[in-house]
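Numbers restart at 1 for each chain; the letters A, B, ... are given by sequence-line order, proteins then strands.
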Protein chains: 2
Amino acid sequence: MSQPPETVARRILDVTPLMMRVIHTEMRSQRAADLTVPQFRVLLFINRNPGCSLLAVARSLGLTSPTIFKIVDGQVDDGLVRRQDSSQDRRKILLTLTPRGQDILQKTREGTQLRLTEIISPLSAREREVVFEALGLLQPLFLQRNEQEKMINHGERES
Amino acid sequence: MSQPPETVARRILDVTPLMMRVIHTEMRSQRAADLTVPQFRVLLFINRNPGCSLLAVARSLGLTSPTIFKIVDGQVDDGLVRRQDSSQDRRKILLTLTPRGQDILQKTREGTQLRLTEIISPLSAREREVVFEALGLLQPLFLQRNEQEKMINHGERES
DNA sequence: TATTGTTATACTCTATAACTATA
DNA sequence: TATAGTTATAGAGTATAACAATA
């Protein structure tokens, strides 16, 4: 009845890329305002953490600062993100979403969510409950892992 | 108790990129033979379908032929994939894994699976069962969706 | 010295468009 | 005419290395 951890891990490895591919395709479609997944994630973080720094974004996404710099730079050009100098610590910048950025974020989220809703529509109420619970179990584990990898990288850089 | 489809969809959208990020990082690490996720998926498909054509790979992954061509071309250069001309239909090529390709695929799969196993180790037996069942429910839905999108693209191209 | 952001460079993934060879 | 593979081109994501400004 109960699955060994390796079997569950294998299934995560099989299914996650499939889901990611669908999410990616939907976000690039015109319906969802044509964001890439990393762009979407950056907007999401800034929306949840207005006034955050560039490095805060990079750390939360598990990416490097040049990577985030380029993405944010493009979003500033596109009028989605506002970049201000911090008066507290003049090395830092403060990132916030523009109204347009908020709008695009919401449209993308709604569009993608709608598509995912269609895809899972064959599930019964009980099956939806199972999926919901499962992802709720996985979320903190993978969040924590992202943090740990960040710290490991930090340690390696300094050694 | 039961979650509406939109809530479940939202959670898929929240959690999938987190998992994908961990999978990506693990595959790029030296432990797992340094493949990208698309490279891994190509090797996986050829391994399951020896003698397949380039377009078969592209369709199964939901990507275009130039994209797959470049990935496969690099893998042929790296000695992971063998590309032969088909004697039946001389437009086609036959793709197979070399022993080295099989070896790298297995090492990558094992390494990534091991990392995922570590990450989910806090789960109880019952929780593992929930995760396993949930992903088993999602897999066919997202597989089917990939196929549908492929056909939609086909239709649009011909119109 | 350490941190924050930035620039330079290089590589991979991805798509569209256009092409060749074959059916 | 249609299909399989290829090439050219362009844009986005990603990392490492090196740098300037600030703390």
Would you name the heavy atoms of [X] and [Y] that are closest together and state the gap between them?
X: A:V57; Y: A:C52; value: CG2-SG, 3.7 Å
X: B:M27; Y: B:T112; value: CG-OG1, 3.5 Å
X: A:I119; Y: B:L141; value: O-CD1, 3.6 Å
X: A:M19; Y: B:L135; value: CE-CD2, 4.5 Å

Expressed in angstrom and rounded to an integer, what is the separation of [X] atom [atom1] from [N] atom [atom2]?
X: A:I71; N: D:dA15; atom1: CD1; atom2: P; result: 9 Å
X: A:R91; N: D:dT22; atom1: CZ; atom2: P; result: 10 Å
X: A:D85; N: D:dA21; atom1: CG; atom2: P; result: 14 Å
X: B:I68; N: C:dC13; atom1: CD1; atom2: P; result: 10 Å
X: B:L35; N: D:dT14; atom1: CG; atom2: P; result: 18 Å
X: B:M27; N: D:dG13; atom1: CE; atom2: P; result: 21 Å
X: A:R28; N: C:dT16; atom1: CZ; atom2: C1'; result: 13 Å
X: A:D73; N: D:dG11; atom1: CG; atom2: C1'; result: 15 Å

[X] side-chain N/O to [N] phosphate OP1/OP2 under 4.0 Å:
X: A:Q39; N: D:dG13; value: yes
X: B:R59; N: D:dA4; value: yes
X: B:T64; N: C:dA15; value: yes
X: B:T67; N: C:dC13; value: no
X: A:R83; N: C:dT6; value: yes

**Q.** Residue met sooner reading DNA chain D from 5', once A:P38 and B:L55 are mapped to nucleotides
**A.** B:L55
Q) 5'-most contact on DNA chain D: A:D89 or A:L63, nearest heavy atom basis? A) A:L63
Q | A:E127 CD to B:L138 CG distance, which is reported to the nearest 0.5 Å | A | 9.5 Å
Nearest-neighbour nucleotide for the [X] side chain, [options] considered:
X: B:F69; options: D:dT7, D:dA4, C:dT4; answer: D:dT7
X: B:R21; options: D:dA15, C:dT4, C:dT12; answer: D:dA15
X: B:I93; options: C:dT7, D:dG13, D:dT6; answer: D:dT6
X: B:P66; options: C:dT16, D:dA2, D:dA21; answer: C:dT16

Q | Side-chain donor/acceptor of B:R90 to base of C:dT22, under 3.5 Å | A | no
Q. C:dT12 base to B:K70 side chain: any donor-acceptor pair below 3.5 Å?
A. no
Q | Donor-acceptor contact below 3.5 Å, side chain B:R11 vs main chain A:F132 | A | yes
Q) Base, sugar-phosphate, or nothing for B:S65, non-hydrogen atoms under 4.0 angstrom? A) base
Q | Residue whose nearest DNA chain C nucleotide is more 5′ - A:H24 or A:C52 | A | A:C52
